A.B. asks: 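After the structure tokens below, expect a handful of questions from me.
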Amino acid sequence: MPRTIKIDPVTRIEGHARISIYLDDQGGVRDCRLHITQVRGFEAFCVGRPLEEMPGLTSRTCGICPVSHQLASAKACDRLLAVQIPPAAVLLRKLLNFGQLVQSHALSFFHLSSPDLLLGMDADPESRNIFGIAAAFPEVAYDGIALRRFGQQLIERLAGKRIHPNWVVPGGVSRPLSPENREALLAELPEMLTKASRNLTRLEELLPRFSAEIAAFTPPPTSFMALTGAENRLEFYDGPLRLLDAAGRPLVEGLPPSRYGEIIAEAVEGDSYLKSPYYRPQGPEQGVYRVGPLARLNLIENCGTPQADQALGRFRELTASNALPQSAFHYHYARLIEIIHGLEMIGELLNEPEILSQRVRATAGANAPEGVGICEAPRGTLIHHYRIDGQGIIKAVNMIIATGNNNLAINRGILQAARALIQNGQFSEGALNRIEALIRCYDPCLSCSTHAQGPKPFTVEIIRQHHVPDRECPPPDRQ
Ligand code: MG
Ligand code: NI
């Protein structure tokens, strides 16, 4: 008799997904698939719109990541205008991006994942949430809420509103930063750094308790990709693409964003609306790479800010000699280090005299037929690629969403974890939560990757082999 376990409603991820775990006759795990069951249409319906609309339009892709889409889009549009944007606009865009990084990482770590880490993977699901954290570890809950609020207020002070602002525009930003807003943000920074640091220490102290999960969450080896700065410094806004193999050997160095198509291709799977990008020269079987906090820290020489670099030194000690940390569990660790780096960079940027300049936008018409904009979103490398006609009307759009880059690695990781956690058809609620917790490590933004109407449950189904023909997956929920 087939057993189906549903985890309903969606718990602690951004967006909607379903996992199928296929068992063989002995009750072992035969195969495993993550289905993203909604379609996203931005690549199609942006066609025909004027290029000036693109940052505002594509920011609607997601309520969590509007800033990231706006930045990647505006950078693509800068190329279409063929302009160099004013220095203050670069500083302001970078500042906005760090506000987004802090608020999004705080949401992922504190609101979504800290219940697993502090209350335990096997804790009662009734309390395994941010309210349970607020009851048992109030300081952690308040720190998380404060850090997210700070990131969101930064976005609001710069861009006018927290969600779907329309401030980043082709050629720069639409208005300068006021001295009052600069002072208000600077005043809060020291306290935010204290909050971030004490939670990093807390996580470092917790790591030994999770050695089993750290092992179970280690997928088959993958490459890592991110933008990198000068001398391979941590970089979120600009710079060339770098890709290292699992052993840390460079596969791609210094590749200009406009040439991303030489290294990335997208596969389409029959049972998911989320595409599966892969490293083109190695094909979809071998060319699995990861992006996001773990990838970024594995790719760099240093962060370039003192507190984050101290933490990076400790992060490097996770593995012997030059081996790169591979466990998805360490996304949490990397995420907290990036919050600290983001806060330090917010301070550096706010103290740049140029940041208060009134010159924040270059204007021009359509001057180039094609533009690519890439930035590092909280979840990883985000690519917008547009083609226009002579009047600046969009003719083609390709977007590669940060979460999509991790799709193949997440699927392989789930299979491996399911095999470790489910044997002879036996499993506990905690085992299924661990499979979800593995996905939470990547902080997937499925709202970015797909779009849904109405509530969709996140379900884990365990299906015996004789009820499911080979490779055929159950139809997506229709609601
Ligand atoms: Mg695409
Ligand atoms: Ni998103």
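The chain is numbered in sequence order, starting from 1. On a predicted model such as this, the values are computed, not experimentally measured, just so you know.
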A.B. asks: Taking Asp124 for the side chain and Ser127 for the main chain, is one N or O donor matched with an acceptor at less than 3.5 Å?
C.D. replies: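 No.
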
A.B. asks: Restricting to non-hydrogen atoms, name the atom on Ile346 and the atom on Gly99 that form the minimum distance, rounded to 0.1 Å.
C.D. replies: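 Closest approach of Ile346 to Gly99, heavy atoms only: CD1-N, 4.2 Å.
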
A.B. asks: Counting N and O atoms only, with roles assigned by atom type, does the side chain of Arg242 sit under 3.5 Å from a partner on the main chain of Glu253, one being a donor and the other an acceptor?
C.D. replies: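 No, the answer is negative, given that no donor and acceptor are paired below the 3.5 Å cut-off.
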
A.B. asks: We want to know whether Asn181 and Ser178 form a side-chain donor-acceptor pair, criterion being a heavy-atom distance below 3.5 angstrom.
C.D. replies: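 Note: Asn181 and Ser178 side chains meet the donor-acceptor criterion.
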
A.B. asks: So, for Phe98 and His341, is the gap between ring centers shorter than 6.0 Å?
C.D. replies: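 Yes, the ring of Phe98 comes within the 6.0 Å limit of the ring of His341, centre to centre.
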
A.B. asks: Under a 4.0 Å threshold between the charged nitrogen and the carboxylate oxygen, would Arg149 count as salt-bridged to Glu188?
C.D. replies: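 So Glu188 pairs with Arg149 through a salt bridge.
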
A.B. asks: Verify whether one side chain among Thr222 and Arg290 offers a donor that lies under 3.5 Å from an acceptor in the other.
C.D. replies: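 Yes, side-chain donor-acceptor contact under 3.5 Å.
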
A.B. asks: Should the pair Asp78-Arg93 be classified as a salt bridge under the 4.0 Å nitrogen-to-oxygen rule?
C.D. replies: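 Yes, Asp78 and Arg93 are salt-bridged.
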
A.B. asks: Once you round to the nearest 0.5 Å, how far does CD1 of Ile401 lie from SG of Cys445?
C.D. replies: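 Ile401 atom CD1 to Cys445 atom SG measures 9.0 Å (nearest 0.5 Å).
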
A.B. asks: Is a donor on one side and an acceptor on the other found under 3.5 Å between the side chain of Gln103 and the backbone of Phe150?
C.D. replies: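 Pair absent, no side-chain N/O of Gln103 close to backbone of Phe150.
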
A.B. asks: List the atom of Gly132, the atom of Leu119, and the distance in Å for their closest heavy-atom pair.
C.D. replies: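 The answer is C-CD1, 4.1 Å.
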
A.B. asks: How far apart are the C-alpha atoms of Glu436 and Arg128, what are their side-chain angles, what is the distance that settles it, and do they pass the salt bridge (charged side-chain N to carboxylate O under 4.0 Å, His left out) test?
C.D. replies: CA-CA 13 Å; Glu436 285 188 271; Arg128 207 173 51 208; 5.3 Å; no

A.B. asks: Tell me which one of Asp245, Val252, Val288 satisfies side chain to side chain contact (heavy atoms under 4.5 Å, CB included) with Tyr279.
C.D. replies: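 One option only clears the test, and that one is Val252.
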
A.B. asks: Look at Glu235 together with Arg296 and state whether they make a salt bridge at an N to O cut-off of under 4.0 Å.
C.D. replies: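 No, Glu235 and Arg296 are not salt-bridged.
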
A.B. asks: Ignoring hydrogens and angles, tell me if any N or O in the side chain of Arg335 forms a donor-acceptor pair with the backbone of Cys441 under 3.5 Å.
C.D. replies: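 Yes, the answer is positive, given that a donor and an acceptor are paired below the 3.5 Å cut-off.
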
A.B. asks: Taking atom types as modelled and ignoring hydrogens, do the side chains of Asn433 and Asp122 form a donor-acceptor contact shorter than 3.5 angstrom?
C.D. replies: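 No pair is found: no donor N or O on one side chain lies under 3.5 Å from an acceptor on the other.
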
A.B. asks: Taking the side chain from Asn298 and the backbone from Pro325, do they hold a donor-acceptor pair closer than 3.5 Å?
C.D. replies: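 Yes, the answer is positive, given that a donor and an acceptor are paired below the 3.5 Å cut-off.
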
A.B. asks: Locate the shortest heavy-atom distance separating Pro86 from Arg359; write the atom from each residue and the value.
C.D. replies: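 Where Pro86 meets Arg359 most closely, the heavy atoms are CB-O, 3.4 Å.
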
A.B. asks: Is Arg233 salt-bridged to Glu301, cutoff N-O under 4.0 Å?
C.D. replies: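 Here Arg233 does not pair with Glu301 in a salt bridge, since their nearest N and O are not under 4.0 Å apart.
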
A.B. asks: Looking at Ile337 and Ala308, what are the two nearest heavy atoms and their distance?
C.D. replies: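 Heavy atoms only, the tightest pair is CG2-O, 3.8 Å.
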
A.B. asks: To the nearest 0.5 Å, what is the distance between CD1 (Ile383) and CG (Asn405)?
C.D. replies: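 Rounded to the nearest 0.5 Å, the CD1-CG separation comes out at 6.0 Å.
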
A.B. asks: Decide whether Tyr331 and Asp443 meet the rule of one side-chain donor and one side-chain acceptor closer than 3.5 Å.
C.D. replies: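 No, because no side-chain N or O of Tyr331 sits under 3.5 Å from a partner of the opposite role on Asp443.
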
A.B. asks: Do side-chain atoms of Gln100 reach the backbone of Ile64 as a donor and acceptor pair under 3.5 angstrom?
C.D. replies: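 The answer is yes, because a donor-acceptor pair under 3.5 Å joins these two groups.
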
A.B. asks: Check for a donor-acceptor pair, side chain of Trp167 on one end and backbone N or O of Gly160 on the other, with a separation under 3.5 Å.
C.D. replies: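 Not confirmed, Trp167 side chain does not pair with Gly160 backbone.
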
A.B. asks: For a quick check under 3.5 Å, do Thr381 and Glu376 share a side-chain donor-acceptor pair by atom type?
C.D. replies: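 A donor-acceptor contact under 3.5 Å links the two side chains.
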
A.B. asks: Measuring centre to centre across the rings, with the benzene-like ring taken for any Trp, is Phe42 within less than 6.0 Å of His69?
C.D. replies: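 Ring centres of His69 and Phe42 not closer than 6.0 Å.
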
A.B. asks: More than 12 heavy atoms of other residues, nucleotides or ligands under 6.0 Å from CZ of Arg79: yes or no?
C.D. replies: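 At most 12 heavy atoms, drawn from other residues, nucleotides or ligands, come within 6.0 Å of this atom.
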
A.B. asks: Charged N to carboxylate O below 4.0 Å: is that the case for Glu429 and Arg434?
C.D. replies: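 Salt bridge absent between Glu429 and Arg434.
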
A.B. asks: Could you tell me whether the side chains of Arg379 and Ser104 share a donor-acceptor contact shorter than 3.5 Å?
C.D. replies: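 Looking only at side-chain atoms, Ser104 and Arg379 do form a donor-acceptor pair, the distance falling under 3.5 Å.
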
A.B. asks: Does a salt bridge link Lys94 with Asp238, judged by any charged N lying under 4.0 Å from a carboxylate O?
C.D. replies: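 Result for this pair is no, no salt bridge flagged.
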
A.B. asks: Does Met345 offer a backbone N or O that forms a donor-acceptor pair with the side chain of Thr305 under 3.5 Å?
C.D. replies: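 Absent.
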
A.B. asks: Which atom pair, heavy atoms only, marks the closest approach of Tyr289 to Val291?
C.D. replies: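 So the two residues come closest at CE1-CG1, 3.8 Å.
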
A.B. asks: Would you find more than 12 non-hydrogen atoms of other residues, nucleotides or ligands less than 6.0 Å from Gln84 atom CD?
C.D. replies: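 Result for CD/Gln84: open.
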
A.B. asks: Does Glu126, at its CD atom, have more than 12 non-hydrogen atoms belonging to other residues, nucleotides or ligands within less than 6.0 Å?
C.D. replies: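 It does not: Glu126 CD has 12 such atoms or fewer within range.
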
A.B. asks: Kindly say whether Thr58 contributes a backbone atom to a donor-acceptor pair with the side chain of Thr61 at under 3.5 angstrom?
C.D. replies: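 Yes; at least one donor-acceptor contact below 3.5 Å.
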
A.B. asks: May I ask you to check if Lys195 and Phe110 form a cation-pi contact, with NZ or CZ under 6.0 angstrom from the six-membered ring centre and within 45° of the axis?
C.D. replies: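 No, Lys195 does not sit over the ring of Phe110.
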
A.B. asks: Among side-chain atoms of Tyr278 and Glu266, is any donor-acceptor pair under 3.5 angstrom?
C.D. replies: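 Absent: no donor and acceptor within the cut-off.
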
A.B. asks: Answer yes if the side chains of Ser197 and Gln307 hold a donor-acceptor pair under 3.5 Å, and no otherwise.
C.D. replies: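 Side chains of Ser197 and Gln307: pair found under 3.5 Å.
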
A.B. asks: Would a distance-only check, ignoring hydrogens and angles, find a side-chain to backbone donor-acceptor pair under 3.5 Å from Ser327 to Ile214?
C.D. replies: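 At least one qualifying donor-acceptor pair exists.
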
